[in-house]
Structure formats: structure tokens, C-alpha cells
2 protein chains.
Amino acid sequence: MPSSLKAHTECTATHTPTLKAACSQCGLKELCLPVGLNQSEIERLDNLVGDRRKLRRGEHLYRTEDHFEAIYAIKTGFFKTDLLTEDGRDQVTGFQMTGDLLGLDGISADKHSCNAVALEDSEVCPIPFANLEHFASEIRSLQSHFHRLMSREIVRDQGVMMLLGKMRAEERLAAFLLNLSQRFNSRGFSPAEFHLRMTRDEIGSYLGMKLETVSRCFSRFQDEGLISVQQKHIRLLDIPRLKALMSR
Amino acid sequence: MPSSLKAHTECTATHTPTLKAACSQCGLKELCLPVGLNQSEIERLDNLVGDRRKLRRGEHLYRTEDHFEAIYAIKTGFFKTDLLTEDGRDQVTGFQMTGDLLGLDGISADKHSCNAVALEDSEVCPIPFANLEHFASEIRSLQSHFHRLMSREIVRDQGVMMLLGKMRAEERLAAFLLNLSQRFNSRGFSPAEFHLRMTRDEIGSYLGMKLETVSRCFSRFQDEGLISVQQKHIRLLDIPRLKALMSR
DNA sequence: GAGACCCTTTGATGTGCGTCAAAGTCGTGT
DNA sequence: ACACGACTTTGACGCACATCAAAGGGTCTC
């Protein structure tokens, strides 16, 4: 066992050879921050990324108001981000999976503006932001890709606004399922069959509806042969009709 | 009349001395992109910003699918951004005023993902994005500020999600008015009295409600002595109670 | 492996906001 | 100054979704 023997707060890790992040070895590099970098640039990126951090289900990666110092690339696992108001309402603002970046919200004010919670045991690669900016100013393709990623987040949010502002409950759920499907697909998983990591309540919070309404919509979709639901296991049986559902 | 004699599509400009943008002379530099730059850096930024562009009310600054090449700083005026779906629904995703940046959505895919429309005669300073990235990689404070601006947009969008997902009609409108108030205030205008540049329909679209509901809420607020409404002229009479309204 | 708890489903009922409709007002262009 | 069109207001009514309630199932813990 070579380097990086630092003690970590881990209970379950049995024989992880090393915790050092290694973008150059990572299967996600076509999905994550290194997109568009050449081999030597990726190796330089390796030195920038901190030791991987493991989280158990339910653990917070960061909380609102936490000091911002790094963004996080999800190595494995599944997260949600949410906001909490003084009067106790909370709004899930997104679900993030393998290869997604977390923490971009923190840049604007040097502190996080939402909570990030692992919905299953997960592992993230922290990227100290000061280092990233330094590095980005040297490697143009990294800078450019990073800007695209931030912009993509803005575009994604526009889509959520459309969803929350203009769609009916069934359309929202259909859009949600199709979005997950497409994201699983681009990560090499089945686009037609997947496991939901979040509860009905969390789906509802994200989609601006109550958990009972989510449940009823699932049931109705199932009755109509659009999907099959078994707890958190979802199969999309008729993707074209699900898509059609969204434009009326 | 010195330089920049290029023909422009202007009908009304009578004696504009020059159309060249000049951040160094601009009263907005504490609000806009030059925040945090020193004098010599601002002067370099001047060379980067293109000739100012004037738009009449109703004109599009850019449209969905337009090729992305520049972001725009609003010199004067007022804009909305909106999305349009195939089936004709449209969602206003934001209102932008003096000093705000437009076009960040375009970075992610080299084309714009929404429409930007002037709600009154306006003037913008185009900032060619390739130049901006180049410049940002040289001037760290510019790079850093630009990242903050993008992140601020993400945080703003989170707030809109909360609004659309969790608030009732009255809360949404109160939040909307207070947001405008605060933004006018930070631009040196009265926080208690202002002119709405958008229609009830556009407000409704942004807030995820129908124009009739917007109108009714305005009337109710007025009846309760919270605001005074005269068409598009709004006076906030009881800001504390408007704020209180949002947490129940 | 048993119990507790959380999550989900389904039904009955209520309501906030949407829809439809019509009248009124303002701003704009001729 | 007039007339048209766009925007706004207000009322009556309906519906999609929320709320309240209760039972059933899954899963995690000890």
C-alpha cells in the first residue's frame, strides 16, 4: 500500500487501496471536469483534487452557510440539494448523480447557499476552488469547460422553472422520469429501468407537489401502462407516450 | 465627433457623442463586471467591450438557438428573459435591469437557451465571450468576479425555485415586489416607489400564476394598505408587513 | 428475527387558483 | 382629438391539487 495513509473517518472501508483521487484513472473523465483535457493536463488536475471523501446515506456534504472552499465531483453515489426557510418549508433544488458537480452555489458569496445530502453511500472528489481557479487560468480548455459547466447549471435551472411554473402534476412527473432516464443512460445504465434513491416526499418537494400527488401520479401512470412501479424500482414501459404526455 | 462612425440601425439617436463602451467612465462599474478591478485593469476591459447596442422596447437582444458569442451588460433599460415550449407555453425566467448581465445561458452550448427582450428602450454593452475568457485568464480578479457572477445566477435561480415550488400566490407577489425594491435601492432609486416595466401577464408568467390572480393580489394588497397601485406605478407602503406576509 | 418507524398508498373532502366572461382604462398612433 | 388595441380589473364558477385520515408494507435497528 503506497501513499496517502492519512486517517479518515471511515467505518466501512475495508480494502480501499488508496483514497487519492486520480482523474487520469477515473472512468468518469468523459463526464466530469476533465472533459476536453489531454492526458498531461489531466495528470496535472490529479494533483489539484483532494483526497476522496466518503459519505454514508443521510450525511451532509455541506450545509447552508458553511464556508465555501471546494466544489465536489461525485465519484459514486447520489445526492440531493435543498433549501430551508425560517418557517420550516424546504425545497429540493436538485438531484445529483455520478459525474455531477456539487457546490457551485458557494462561489458567489464564499459560503454555501443550500444543503447537500447523500441519498446513498457516496464518494466525492473535493476540488479546492482556489486551486481550480489558479489552474483554470493556466489551462484554457479547463477554464472553458468549467464555464460551460456553470452555464449548464443555469440552463438546467431554467428548465426547472418551466416545470414548476407551467406544467401540471403529471407533466412534471413525466419530465422528471425522462430526465432521470436520460441521465442514467448517458452514464451507461439502463434508461428504461432504474432505482429511485429519493422518497416520494423528496420528489414532490423538487416538483412542487405533495407526496400524495406524486404517489397518485405513479399509480395512474402504472394503470395506463406507461410505467411499472415497485416501491423505488421504476420501469419505463412506454417512453414515447411519456414524452407525448408532456405537451398536453 | 471622433471615432465609431459605423452605421447602426438606430432611428432615434440624435446626438450620441460616441457609442464606444467605456467602463472606466461608467457609473455602473461598482455594480457590473468591473467590480474589484483597479483603474488600469478597467481600462484594459474597455478595449474588450464592443460598441454599445441600442434596443427599442419590444426588440430582442437575442433569441433561443441564436449563436452565442457575447454576454451583455445592461447600460440602461430593462429586460426579460423567457423560454417557449413547442406547445406554446412560455415562462419568464427573469427580469434584468441596469448593471445586470445577460447571456450567461449561452455559454453551455454555444447558443442561447432563452430569449432576451427589452421591456423599454435600452442600451447594452456587448462583451465578446472569447475575449472575456482570454482576459479573465490574465487578470485573476476579473476571473474571480466573473465566477461569482455566474454563481450568483445559480443562487438566484434557487430562490425562484423556492418561490415557484413552495409559496402561495400572495407570498410570491410580495417576494417579487421586495426583490424589485431591493434591486432598485441598490441602484440608487427609491426602494418604496417604482414603475413596473412588465405587464401583469409577464409577472404572472414569472411567478407561475395567471394574470388575473396577479391583478387580484395587487388589489388585495392595496385594500389592506400594504401597497398603492396605479397601473404600473407601485408604492410600497408597509414593507415590514410585506416581509412578514412571506413567512405565513 | 421481532418491533418500531418511516414510507407509501388510497379514499374523502376542502380550497386556492385557474378559467371564462365582460366591462373598464390607458396608451399609442394617425 | 379620436379611435383602436392592448392591458387591467372584477365577478362567477369549476377543477386540480392540497389536506386530512387511516391502513398497509418495507426496512432498519437492536
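The structure displayed is predicted, hence computed values, not measured ones. Chain letters run A, B, ... following the sequence lines, proteins first, then strands; residues in each count from 1.
- Minimum atom distance to the side chain of B:Ser219 is reached by D:dT10, of the listed C:dT8, D:dT9, D:dT10.
- Across the protein-nucleic acid pair, B:Leu207 atom CG and C:dG16 atom P stand 19 Å apart, rounded to whole Å.
- In this model, a side-chain donor or acceptor of A:Arg216 finds a partner on the base of D:dT19 within 3.5 Å.
- When the nucleotides C:dT9, C:dC26, C:dT8 are ranked by their closest atom to the side chain of A:Thr199, C:dT8 comes out on top.
- One interatomic measurement links the two molecules: CG of A:Leu173 to P of D:dC17, which rounds to 11 Å at whole-angstrom precision.
- Judged purely by distance below 3.5 Å, without hydrogens or angles, the side chains of A:Asp201 and A:Thr199 never pair a donor atom with an acceptor atom.
- Looking at A:Lys166 and B:Asp87, no side-chain N of the basic residue comes within less than 4.0 Å of a carboxylate O on the acidic one, giving no salt bridge.
- Between the NZ atom of B:Lys210 and the P atom of D:dG14 there is a distance of 19 Å, given to the nearest Å.
- When the nucleotides D:dT9, D:dA18, C:dT8 are ranked by their closest atom to the side chain of A:Ser215, C:dT8 comes out on top.
- The aromatic rings of B:His112 and B:Phe68 sit perpendicular, their planes meeting at an angle over 60°, well past the 30° parallel limit.
- Rounded to whole Å, atom C1' of C:dT15 lies 14 Å from atom CD of B:Glu170.
- What separates NZ of A:Lys232 from C1' of C:dT9 is a distance of 14 Å, to the nearest Å.
- Of all nucleotides listed (D:dA18, C:dT28, C:dT9), C:dT28 comes nearest to the side chain of B:Arg57.
- Within 4.0 Å (heavy atoms only), A:Gly204 reaches no atom of the nucleic acid at all.
- Of the possible donor and acceptor atoms, none in the side chain of A:Ser181 sits under 3.5 Å from a partner among the backbone N and O of A:Ala192.
- With hydrogens and angles ignored, no donor-acceptor pair closer than 3.5 Å exists between the side chain of A:Arg168 and the base of C:dG18.
- Distance CZ (A:Arg220) to C1' (C:dT10): 12 Å, rounded to an integer number of Å.
- One can place CG of B:Leu196 at 13 Å from P of C:dG27, the figure rounded to the nearest angstrom.
- Here A:Gly58 lies out of heavy-atom contact (under 4.0 Å) with every strand.
- Ring geometry, B:Phe95 versus B:Phe78: the interplanar angle falls from 30° to 60°, so the pair is classed tilted.
- Interface remark: the B:Glu212 side chain does form a donor-acceptor pair with the C:dC20 base, using a distance-only criterion of under 3.5 Å.
- Computed from coordinates, the A:Asp223 CG to C:dT9 P distance equals 12 Å when rounded to whole Å.
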